[in-house]
Amino acid sequence: MKEKISAIEQEITAEAITNGEQLEQFRIKYLGSKGLIKALFADLKEVPNEQKREVGQLLNGLRTKAQEKFDSQKEALENQDQEEHKLDVTRPGDAIEIGARHPLSLVRSEIIEIFNRIGFSVSEGPEIEDDWHNFSALNFPPEHPARDMQDTFFIEKGEKEMALRTHTSSVQVRVMENSQPPIRTISPGRVYRNEAISARAHCFFHQVEGLYIDKDVSFADLKQTLLYFAKEMFGEKAHIRLRPSYFPFTEPSAEVDVSCTICNGKGCNVCKYTGWLEILGCGMVDPNVLEASNIDSKEYTGFAFGMGVERIAQLKYRVNDLRLYSENDVRFLKQFTGGI
Ligand code: DAH
């Protein structure tokens with residue numbers, strides 16, 4: 001028995017363990033429930049009584065030795081494992097793909113910056129709007145065609161009419177209702193119209209509304225403000241022209257063209273050989289509109305304007321199909337840089 005024990009002891013010392021598989025084999029062979037040491041303990045009952053104590057001690061020693069070897073080898077293997085997977089700080093990093101800003105966001109930010117520089121704040125209003133803010137307070141007569149289902153997406157008809165706003169002029173009304181002149185604000189936002197989607201029309205698009213109300217605001221102020229905008233947006237060479245027009249909420253009203261940014265006014269297929277491109281609508285705020293929002297039209301005058309962001313982006317980036325803005329084609333979107 002003693003010889004067996006010392007033979008196994010030598011065997012244990014000689015065992016080479018270099019991987020998890022060998023470690024497990026070692027455990028089964030020596031420490032397992034059907035292992036060698038367990039078997040020796042079973043044999044202990046055949047050992048003569050006077051030797052039992054000594055042999056028992058030897059067996060305990062053997063078991064401790066096997067257990068210690070198992071523990072130390074296990075730890076060594078775990079350390080080795082960690083060593084192998086250690087972070088290599090000298091490895092070049094994986095490139096992180098950075099997205100690009102949407103062209104409409106770039107243009108909107110630029111418009112905001114241009115007007116911020118001359119003291120316009122930014123205001124916003126809800127996209128789901130009531131009849132009062134979208135139409136009535138803006139002097140739309142009850143039978144005006146814009147109130148027709150064909151142009152407007154109604155959410156609720158009848159007593160309390162709610163619709164997706166058809167223009168950002170609704171925000172003008174909200175600002176006037178909630179503040180007193182002087183008011184100098186622009187309102188960027190999304191608007192909706194019940195139109196078939198094509199290259200030139202979409203059921204949603206973006207506008208920036210402008211409103212300036214104070215004592216003695218004149219049409220000359222409007223013209224000068226828009227000229228400043230056109231030059232900041234399209235370059236020092238840009239000119240503007242105003243054509244008489246009609247909007248229910250302004251009197252007089254005008255549509256504004258900017259000299260074609262592509263041919264510099266000489267005539268090309270973008271400006272249809274006119275040398276001019278329409279960019280916005282504007283006018284002096286109708287006294288009825290001021291009064292509807294409790295602003296004294298004898299004391300105050302003001303101008304307003306509204307421009308389409310897609311239209312400005314089209315001229316700036318020469319995008320000729322409105323659908324591209326909302327199709328999320330990465331090949332289109334990543335062409336526009338401007339920082340994040
Ligand atoms: N709301 C007009 C539209 O959606 C644009 C507009 C025209 C806004 C004249 C104005 C304005 O503030 O004075 O087409």
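These figures come from a predicted structure and were not determined experimentally. In listed order, ligands and their atoms are each counted from 1.
The residue M284 has no part lying near ligand 1, judged by heavy-atom distances below 4.0 Å.
Here E24 pairs with R27 under the side chain to side chain donor-acceptor pair (under 3.5 Å) rule; sequence neighbours left out.
Using modelled atom types, one side-chain atom of Q207 and one backbone atom of T168 make a donor-acceptor pair closer than 3.5 Å.
Residue contacts with ligand 1: F303 is excluded, as none of its non-hydrogen atoms falls under 4.0 Å. Residue contacts with ligand 1 leave out M307, since none of its heavy atoms falls under 4.0 Å from the ligand.
Taking a cutoff of 4.0 Å between a charged side-chain nitrogen and a carboxylate oxygen, E54 and K2 qualify as a salt bridge. Using a cut-off of 4.0 Å between Lys/Arg side-chain N and Asp/Glu carboxylate O, R193 and D151 are scored as not salt-bridged. Residues E124 and R174 are not paired through a salt bridge, judged by the lack of any N-O separation under 4.0 Å between the basic side chain and the carboxylate.
Atoms of ligand 1 lying under 4.0 Å from at least one heavy atom of T250, given by number and element, are 13 (O). Applying the 4.0 Å criterion to heavy atoms of R193 picks out, from ligand 1, the atoms 3 (C), 4 (O), 14 (O). With ligand atoms numbered from 1 in the order given, ligand 1 contributes 3 (C), 4 (O) to contacts under 4.0 Å with heavy atoms of Q207. Short contacts between ligand 1 and G306, defined as distances under 4.0 Å to a heavy atom of the residue, involve ligand atoms 6 (C), 8 (C), 10 (C), 12 (O). Residue H167 has at least one heavy-atom neighbour below 4.0 Å for each of these atoms of ligand 1: 1 (N), 4 (O). Ligand-side atoms of ligand 1 in range of G283: 13 (O), range being under 4.0 angstrom from any heavy atom. If you number the atoms of ligand 1 from 1 as listed, the ones under 4.0 Å from a heavy atom of A304 come out as 12 (O), 13 (O). Less than 4.0 angstrom separates some heavy atom of S169 from each of these atoms of ligand 1: 1 (N), 8 (C).
Between the CE atom in M233 and the OG1 atom in T261 there is a gap of 11.0 Å [rounded to 0.5 Å].
For CG of D88, the number of neighbouring non-hydrogen atoms (other residues, nucleotides, ligands) closer than 6.0 Å is greater than 12.
Looking only at heavy atoms of the protein, atom 11 (C) of ligand 1 is closest to F249 CE1, 3.4 Å. When only non-hydrogen protein atoms are considered, atom 12 (O) of ligand 1 lies nearest to E209 OE2, 2.5 Å.
In this structure, F140 and F249 have tilted ring planes: the angle between them lies in the 30° to 60° band.
Between Y192 and H167, the distance separating the two ring centers is not shorter than 6.0 angstrom.
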